[in-house]
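Below is one structure; the comments refer to it alone.
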Amino acid sequence: MTNTNELLNRINRRYGSMSKGYKRLAIYITDNYDKAVFLTAAKLGEVVGVSESTVVRFASSLGYKGYPQFQDALEEMVKNKLSSVQRMEVSYERVSQSDILENVLKADQEKIKHTLEHIDQKAFNQAVHTILNARHVYVIGIRSCAPLASFLSFYLNMIVDDCILISTSSSSEIFEQMIKIGPDDVIIGISFPRYSIRTLKALEFASNRNAHIITLTDSVHSPMNIYSSCNLIADSDMASIADSLVAPLSVINALIMALCMERGDAVSNRLIELESIWEDYQVYERDEIEFLDESARMHFNDVN
């Protein structure tokens with residue numbers, strides 16, 4: 001895994017031989033990398049007092065192919081360090097009130113497109129195969145990732161025989177729920193910046209028990225990938241008070257669809273059974289209460 005301080009190490013190694021302009025850039029980036037990550041080359045040059053071309057050459061002098069790759073390195077440093085207040089401030093700086101709807105939807109569209117272009121198809125196929133052949137499937141996602149974990153486990157319960165959504169109210173409870181995990185099982189860990197240490201510890205525990213591990217996260221450099229050999233990468237927005245999880249949800253939808261196609265007859269039979277249960281117990285659609293027996297009707301009338 002790439003050291004998140006790699007960029008600073010490169011700057012420190014070369015600082016003594018840098019020109020005055022490069023040193024000004026180095027000092028600003030070292031002290032303000034959480035702000036520099038959001039600046040274009042032109043804007044960074046304006047802030048520091050050098051030309052745009054100087055900024056681009058500075059990035060190249062550090063061993064990066066261009067300014068975009070240099071920004072990627074900055075982003076890796078920042079991902080886990082921005083506070084909620086800083087993320088909110090950056091969001092407000094990016095877009096005006098009148099353009100919010102258009103900009104947010106277009107940004108989500110770009111995240112799905114970027115994910116489609118870069119996701120590892122072999123890893124996706126491996127994930128499908130691993131889930132289908134697992135004895136138990138565990139799913140964990142904490143805080144903003146909890147809805148993703150809940151959504152995935154809801155549909156996995158229609159596809160596989162034993163899916164466990166790990167409750168995450170405390171670290172001790174996580175391990176208690178995973179006490180039986182072993183080599184025939186798989187855990188799916190979902191985490192995006194700011195990464196969850198509890199999710200990482202759950203994956204470490206599963207690894208120590210020789211279970212299979214699948215991760216859904218935002219980068220090959222994510223700490224969630226330390227214990228995983230099957231990494232599904234989906235783009236998310238690190239600089240927002242409400243992270244965009246549209247692309248991760250799309251990957252989950254694709255995973256569910258692929259599993260359904262592999263388990264076609266079994267899934268169909270389970271859905272037929274569920275539809276019958278839903279109808280018997282009036283789970284969907286009906287506005288009026290239909291009583292299962294007359295004693296229930298009488299009790300309802302007495303109460304009202």
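Treat the numbers as computed from the prediction; the structure is a model and nothing was measured. Residue numbers start at 1 and run along the sequence shown.
- When all heavy atoms of Ala36 and Leu44 are compared, the pair lying nearest together is CB-CD1, 4.5 Å.
- Under the 4.5 Å side-chain heavy-atom criterion for Ile, Leu, Val, Met, Phe, Trp and Tyr, Val160 and Met257 are members of distinct hydrophobic clusters.
- Among residue pairs with one or both ends in residues 143-153, none qualify as salt bridge (charged side-chain N to carboxylate O under 4.0 Å, His left out); sequence neighbours excluded.
- Both Ile174 and Ile197 belong to a single network of hydrophobic side chains, linked directly or stepwise wherever heavy atoms of I, L, V, M, F, W or Y lie under 4.5 Å apart.
- Geometrically, Arg10 engages Tyr64 in a cation-pi contact, judged by NZ or CZ lying under 6.0 Å from the ring centre and within 45° of the ring axis.
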Chi angles and distances behind the side chain to side chain contact (heavy atoms under 4.5 Å, CB included) call for Ser153, Cys163: CA-CA 7 Å; Ser153 65; Cys163 176; 3.8 Å; yes

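- Nearest approach of Arg263 to Ile159, heavy atoms of both residues: NH1-O, 3.0 Å.
- The closest donor-acceptor contact from the side chain of Glu46 to the backbone of Ala42 lies at 3.5 Å or more, if one exists at all.
- Remark: Asp265 CG is loosely packed, at most 12 non-hydrogen atoms of other residues, nucleotides or ligands lying under 6.0 Å away.
- Between Ile233 and Thr115 the shortest side-chain heavy-atom distance does not fall below 4.5 Å.
- Between Phe58 and Tyr22, the shortest heavy-atom distance links the atoms CE1-O, 3.5 Å.
- Rounding to the nearest 0.5 Å places OG of Ser144 at 9.0 Å from CZ of Phe192.
- In this structure, Arg13 contributes its side chain and Leu62 its backbone to no donor-acceptor pair below 3.5 Å.
- With Arg24 contributing its side chain and Val50 its backbone, the two residues share no donor-acceptor pair below 3.5 Å.
- Counting heavy atoms from C-beta outward, Asn231 and Asp120 have side chains that stay 4.5 Å or more apart.
- No continuous path of ILVMFWY side-chain contacts below 4.5 Å connects Val251 to Leu116, so the two sit in separate hydrophobic clusters.
- For the pair Asn225 (side chain) and Leu232 (backbone), a donor-acceptor distance under 3.5 Å is absent.
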Residues Leu245, Leu148; criterion side chain to side chain contact (heavy atoms under 4.5 Å, CB included); working and verdict: CA-CA 8 Å; Leu245 297 177; Leu148 293 177; 3.9 Å; yes

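- No donor-acceptor pair under 3.5 Å is formed between the side chain of Gln109 and the backbone N or O of Leu105.
- The aromatic rings of Phe70 and Tyr67 lie tilted to each other, with the angle between the two planes from 30° to 60°.
- Looking at every heavy atom in both residues, Gly63 comes nearest to Gln69 through O-OE1, 4.3 Å.
- Between the CD atom of Glu273 and the CE atom of Met158 there is a distance of 11.5 Å, given to the nearest 0.5 Å.
- Rounded to the nearest 0.5 Å, atoms OG1 (Thr54) and CD (Glu52) are 10.0 Å apart.
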Check against side chain to side chain contact (heavy atoms under 4.5 Å, CB included), Ile213 and Val186: CA-CA 6 Å; Ile213 299 171; Val186 61; over 6 Å; no

Stepwise salt bridge (charged side-chain N to carboxylate O under 4.0 Å, His left out) test for Lys106 and Glu110: CA-CA 6 Å; Lys106 283 185 176 179; Glu110 285 301 314; over 6 Å; no

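- Put simply, the side chain of Ser60 gets close to the backbone of Val56: a donor and an acceptor are under 3.5 Å apart.
- No side-chain donor-acceptor contact under 3.5 Å links Ser150 to the backbone of Pro147.
- By the 6.0 Å contact criterion, OH on Tyr155 is open, its count of non-hydrogen atoms from other residues, nucleotides or ligands being 12 or less.
- The shortest side-chain heavy-atom distance between Ile131 and Leu255 falls under the 4.5 Å cut-off.
- To the nearest 0.5 angstrom, Lys113 atom NZ is 12.5 Å from Asp235 atom CG.
- Contact between Tyr15 and Lys23 at its shortest, heavy atoms only, is O-CE, 3.2 Å.
- One distance of note links CD1 of Ile140 with CD1 of Ile142; it measures 4.5 Å at 0.5 Å rounding.
- A side-chain donor from one of Gln121 and Asn125 sits under 3.5 Å from a side-chain acceptor of the other.
- Asn157 is not listed as a side-chain neighbour of Leu165, based on a closest heavy-atom distance of 4.5 Å or more.
- Side-chain atoms of Arg14 come within 3.5 Å of backbone atoms of Ser61 as a donor-acceptor pair (strictly under, hydrogens ignored).
- Nearest heavy atom pair, residue Met18 against residue Ala26, reads SD-CB, 3.9 Å.
- With hydrogens and angles disregarded, no donor-acceptor distance shorter than 3.5 Å links the side chain of Arg209 to the backbone of Gly182.
- Side-chain atoms of Ser228 never come within 3.5 Å of backbone atoms of Met224 as a donor-acceptor pair (strictly under, hydrogens ignored).
- Of the candidates Ile164, Leu203, Val139, Thr199, Leu203 is the only one forming a side chain to side chain contact (heavy atoms under 4.5 Å, CB included) with Ile187.
- Both Leu259 and Ile256 sit in one connected hydrophobic cluster of ILVMFWY residues. Membership requires side-chain heavy atoms under 4.5 Å apart, directly or through other members.
- For Asp218 and Ser236, the side-chain atoms include no donor-acceptor pair closer than 3.5 Å.
- Residues Ile188 and His212 fail the side-chain proximity criterion, which asks for heavy atoms closer than 4.5 Å.
- Residue pairs meeting the side chain to side chain donor-acceptor pair (under 3.5 Å) criterion with at least one partner in residues 126-135, sequence neighbours excluded, are His129-Asn133, Arg135-Asp185.
- Between the side chains of Thr215 and Thr217, no donor-acceptor pair of N or O atoms lies under 3.5 Å.
- By the 4.0 Å N-to-carboxylate-O rule, Glu204 lies close enough to Lys201 to be salt-bridged with it.
- Residues Val137 and Leu132 share a hydrophobic cluster, clusters being chains of Ile/Leu/Val/Met/Phe/Trp/Tyr side chains in contact below 4.5 Å.
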Side chain to side chain contact (heavy atoms under 4.5 Å, CB included) between Tyr195 and Ser222, worked out: CA-CA 8 Å; Tyr195 303 113; Ser222 166; 3.4 Å; yes

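- At a threshold of 4.5 Å between non-hydrogen side-chain atoms, the residues Met178 and Ile166 count as touching.
- You'll find the ring centres of Phe151 and Phe154 outside the 6.0 Å limit.
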